[in-house]
Amino acid sequence: MGDARIIDGKALAAEVRARIAVAAADLKTKHGFTPGLAVVLVGENPASQVYVRSKKKQTVETGMASFDHTLPAETAEEELLALVDRLNADPEVHGILVQLPLPDQIDADKVLERIDPAKDVDGFHPMNAGRLSTGQPALVPCTPVGSVLLAKQARPDLTGLEAVVIGRSNIVGKPVAQLLLQENCTVTIAHSRTRDLPGVTRRADLVIAAVGRPEMVRRDWIKPGATVIDVGINRIEADGGKSRLVGDVAFDEAAEVAGAITPVPGGVGPMTIACLLRNTVQAACAIEGVALPEV
Ligand code: NDP
């Protein structure tokens, strides 16, 4: 391993959660409400079940209210839409998260667009995506927010940096690029049709890899001293028939060249739920009409 600073996502996520716990307690005593997050899970996707359990646990641990809705895999779209309508109308619910992926009979876009944009703590509603891209206050997708907070651990001021985002999904690539523009980076968004991806990536002072290809970004793609944020979560076969998680960046190689890098696991992953809780506090304050505490 080289000299790169390892950016500790677990530690930063714990700090964010601690600030949220203080804010949640304060909102209760000073303003008489508890931020509430409703999580809807349809079906029995094992990865989704793990995410939903962690979301619930951390919501409760930070002193917020958690509302669970688990529906069978064969749930009709109309039924799910009716549940979203009820949650939209429920004054105790400030944030609504419908866990993706949804079963085939349900149109995910239709469901996400049914969520009240004020309660859209995943930030996937077109209204929030539009507000983000026009620079208005918005609920911003959690993984992109977490990625930028991690980048700022290494370089508190991102102004003027060449940033290359690899991946253009609505969930990660596009919103993270928007946030980096707001931070005054010069942003390039690369994707599967990009010509000379290693050459493009080598220009970057800040690389955000959100591709879903195990260890695709190699040592010679990284400019010496660059900050590397690895969003990828890929499960690969390991010795002895076991599996392990790797990112989209070949960590050991990249760490020899980079100035700072996030590990997988322990980098972006833990920040995602912390930022979900942060969004829930933000949504609750906006809905209840009180100033947002420092979280
Ligand atoms: P998507 O599959 O939606 O998007 C992947 C993007 O990568 C696409 O824009 C695609 O390009 C691009 N891409 C694919 N192959 C290549 C290639 N060979 N060269 C260049 N670009 C390529 O994935 P997501 O954005 O949802 O997720 C990306 C990764 O982040 C995944 O590993 C996922 O597991 C992880 N993730 C982690 C989270 C966390 O909490 N840490 C949360 C969300 C995601 P094109 O558009 O041209 O097809």
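In listed order, ligands and their atoms are each counted from 1. Predicted, not measured: the structure shown is a model, and the values here were computed from it. Just the heavy atoms: all of them, side chains too, but no hydrogens, waters or symmetry mates, feed the values below.
- The protein atom (non-hydrogen) at minimum distance from atom 31 (C) of ligand 1 is Gly212 CA, 3.6 Å.
- The shortest heavy-atom distance from Met216 to ligand 1 is under 4.0 Å.
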**Request:** Mind running side chain to side chain contact (heavy atoms under 4.5 Å, CB included) on Val40 and Leu80 for me, showing each step along the way?
**Result:** CA-CA 9 Å; Val40 181; Leu80 179 55; 3.7 Å; yes

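- Residues Glu61 and Arg17 are not paired through a salt bridge, judged by the lack of any N-O separation under 4.0 Å between the basic side chain and the carboxylate.
- Other residues, nucleotides and ligands contribute only 12 or fewer heavy atoms inside 6.0 Å of the OH atom of Tyr51.
- Here's the thing with Asp248: none of its N/O atoms is less than 3.5 angstrom from an N/O atom of ligand 1.
- Note: an N/O pair closer than 3.5 Å links Ser192 and ligand 1 by distance alone.
- By the 4.5 Å heavy-atom criterion applied to side chains, Lys223 and Val164 are not counted as neighbours.
- Looking only at heavy atoms of the protein, atom 15 (N) of ligand 1 is closest to Arg213 NE, 2.9 Å.
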**Message:** Could you go through Gln182 and Val148, starting from their C-alpha distance and side-chain angles, then the distance that decides it, and tell me whether this counts as side chain to side chain contact (heavy atoms under 4.5 Å, CB included)?
**Reply:** CA-CA 11 Å; Gln182 284 184 4; Val148 172; over 6 Å; no

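- Within 6.0 Å of the CD atom in Glu92, the count of heavy atoms belonging to other residues, nucleotides or ligands does not exceed 12.
- Residue contact check for ligand 1: Ala190 places no non-hydrogen atom closer than 4.0 Å to it.
- Within ligand 1, the atoms closer than 4.0 Å to a non-hydrogen atom of Val268 are 41 (N), numbered from 1 in the order shown.
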**Message:** Does Asp122 form a side chain to side chain contact (heavy atoms under 4.5 Å, CB included) with Cys142? I'd like the steps, not just the answer.
**Reply:** CA-CA 6 Å; Asp122 253 343; Cys142 308; 4.1 Å; yes

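- Under the 4.0 angstrom criterion for non-hydrogen atoms, Gly173 is not in contact with ligand 1.
- Among protein heavy atoms, the minimum distance from atom 44 (C) of ligand 1 is reached at Val172 CG2, 3.9 Å.
- The two residues Val140 and Leu179 come nearest to each other via the heavy atoms CG1-CD1, 3.8 Å.
- Lys152 and Glu183 are joined by a salt bridge, as a carboxylate oxygen and a charged side-chain nitrogen come within less than 4.0 angstrom of each other.
- Nearest protein heavy-atom contact of atom 8 (C) of ligand 1 is Arg168 N, 4.0 Å.
- Between Leu87 and His69 the shortest side-chain heavy-atom distance falls below 4.5 Å.
- At least one side-chain heavy atom of Glu77 sits less than 4.5 Å from a side-chain heavy atom of Asp107.
- The shortest contact between atom 5 (C) of ligand 1 and any protein heavy atom is with Val211 O, 3.4 Å.
- Of all protein heavy atoms, the one closest to atom 4 (O) of ligand 1 is Ser169 CB, 3.8 Å.
- For ligand 1 and Gly269, the ligand atoms under 4.0 Å from any heavy atom of the residue are 41 (N).
- Nearest protein neighbour of atom 42 (C) of ligand 1, counting heavy atoms only, is Thr143 OG1, 3.3 Å.
- Shown in contact with Leu197 at under 4.0 Å from a heavy atom are these atoms of ligand 1, numbered in order with element: 19 (N), 20 (C).
- Proximity to Gly167 (heavy-atom distance under 4.0 Å) selects the following atoms of ligand 1: 6 (C), 7 (O), 9 (O).
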**Message:** Lys56 vs Val39, test: side chain to side chain contact (heavy atoms under 4.5 Å, CB included). Steps then yes/no.
**Reply:** CA-CA 8 Å; Lys56 185 180 170 195; Val39 177; over 6 Å; no

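- At a 4.0 Å cut-off, not a single heavy atom of Thr194 sits close enough to ligand 1 to count as contact.
- Residue Ile166 has no N or O atom closer than 3.5 Å to an N or O atom of ligand 1.
- Comparing Ile273, Asn234, Leu245, Val231 by heavy-atom distance to atom 35 (C) of ligand 1, the nearest is Val231.
- In terms of protein heavy atoms, atom 33 (C) of ligand 1 is closest to Ile233 N, 4.2 Å.
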